[in-house]
Number of protein chains: 2
Amino acid sequence: MTVTPHQDPQAPIKTTVQPPEMSTIIGYVLRRAQLSVFQDFLDSFAALKLRPAEFSVLNLIAQCPGQKQSEIAEQLGIKRANFVALMDGLEKRGLAERRKSPEDKRSHSLHLTPQGECFMAEMFAVWRTHEERMIERLGGEAERDRLVELLERLSDRA
Amino acid sequence: MTVTPHQDPQAPIKTTVQPPEMSTIIGYVLRRAQLSVFQDFLDSFAALKLRPAEFSVLNLIAQCPGQKQSEIAEQLGIKRANFVALMDGLEKRGLAERRKSPEDKRSHSLHLTPQGECFMAEMFAVWRTHEERMIERLGGEAERDRLVELLERLSDRA
DNA sequence: GCAGAAATGTTATGATATAAAACAATCTTC
DNA sequence: GAAGATTGTTTTATATCATAACATTTCTGC
């Protein structure tokens, strides 16, 4: 209920509601923060030529190799149609590969290549310094944990 | 320094670092939350056919009428080249207008039209219910304030 | 006052992201 | 076995975003 606290007695009475300050709008502040963090990510990974989505895909494959292409895509909120080109890129770079599963000949199970495993070491090193920088911005790990908790409440939708 | 706390004694010693859990990666959680909040915004404003950027532009013009086109664009991180079409849209809908400033004949000062002022009332009503919904997700205004504070720390870069 | 540099709005273009429809191959269900 | 669903794929359309180039206007140094 943020209304103008003091109405200037000389000014004509405003019928319009007071516009909200941009810096208090959740969506706006959230978007700006996300862009800033992604920019740092992009700068950090420029040498490795790795985009956030590619990082996430490699990370998910490493965590649980053999998952189906659609499963990985859906976990990341990527439409399976758009996932094809992304996976093509990782395959062409020799980092990951599709294997035809004998049980279900429609699906592809995803795995890291040996090169991909090697690449992960570099990737995590770069990521860790990036993440430490973000934690420093926040003020520490406790603040990071609090932020993550609040953010998860925001996205906790079906 | 999140390392696997207990190494399974039967398992072969892993030389690769443990992949970080996605739900702990600041950028990832941030991105997911931002998409979720924007989705709610888009749904809320579907009837008014208003995008987040358009909302922000109208809000900034209302807060401080007469600002130059480039000033508004820069505040929102929109390249002035991309701002042209956005402003064209608002002008064609009769919500805002460009006025040639006599002092600087290059620049356009931006103002709401009377229709635009009227539109703002609807806009704020819709926005408020959206924002209240987001605050509810967070658990209250205190949590909102804390979140905004943490997010500003993340984006507080030059 | 004038020449060169900078600012402003604009157009055009390319890259990227995202969504939807349609399709072939395969699997599931009945 | 037939009908329908799933999986990966291609194609297409749209939205977003960055860059370069341009004309007009203003500013700066001299």
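Throughout, protein chains are lettered first and strands after them, A, B, ... in sequence-line order, and every chain is numbered starting at 1.
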Categorize B:R99 for me: base, sugar-phosphate, or nothing, with a 4.0 angstrom heavy-atom threshold over every strand shown. nothing
Could you check which of D:dT9, C:dA19, D:dT19 has an atom nearest any side-chain atom of B:K79? D:dT19
N or O in side chain of A:K105 less than 4.0 angstrom from C:dA25 OP1/OP2: no
Identify whether any heavy atom of B:E103 sits under 4.0 Å from a base atom; if not, whether one sits that close to sugar-phosphate; answer base, sugar-phosphate or nothing. sugar-phosphate
Atom CD of A:E136 with >12 non-hydrogen neighbours under 6.0 angstrom: no
So does A:R80 get a side-chain nitrogen or oxygen closer than 4.0 Å to the phosphate oxygens (OP1/OP2) of C:dA21? no
Atom-pair distance (NZ on A:K100; P on C:dT26), nearest Å: 8 Å
Students often get this wrong, so: under 4.0 angstrom with heavy atoms, is B:A81 touching a base, only sugar-phosphate, or nothing? base
Would you mind classifying the nucleic acid contact of B:E74 as base, sugar-phosphate or nothing, using non-hydrogen atoms under 4.0 angstrom? nothing
N/O donor-acceptor pair, side chain A:R106 with base C:dA25, under 3.5 angstrom: no
Classify the ring geometry of A:F41 against A:F38: parallel below 30°, tilted from 30° to 60°, perpendicular beyond 60°. tilted
Hey, is the side chain of A:R51 poking within less than 4.0 Å of OP1 or OP2 on C:dA17, counting only N and O atoms? yes
The side chain of A:N82 is closest to which nucleotide in this list: C:dT18, C:dG9, D:dC17? C:dT18
Looking across every strand, which nucleic acid part, if any, lies under 4.0 Å from A:D104 by heavy atom: base, sugar-phosphate, or nothing? sugar-phosphate
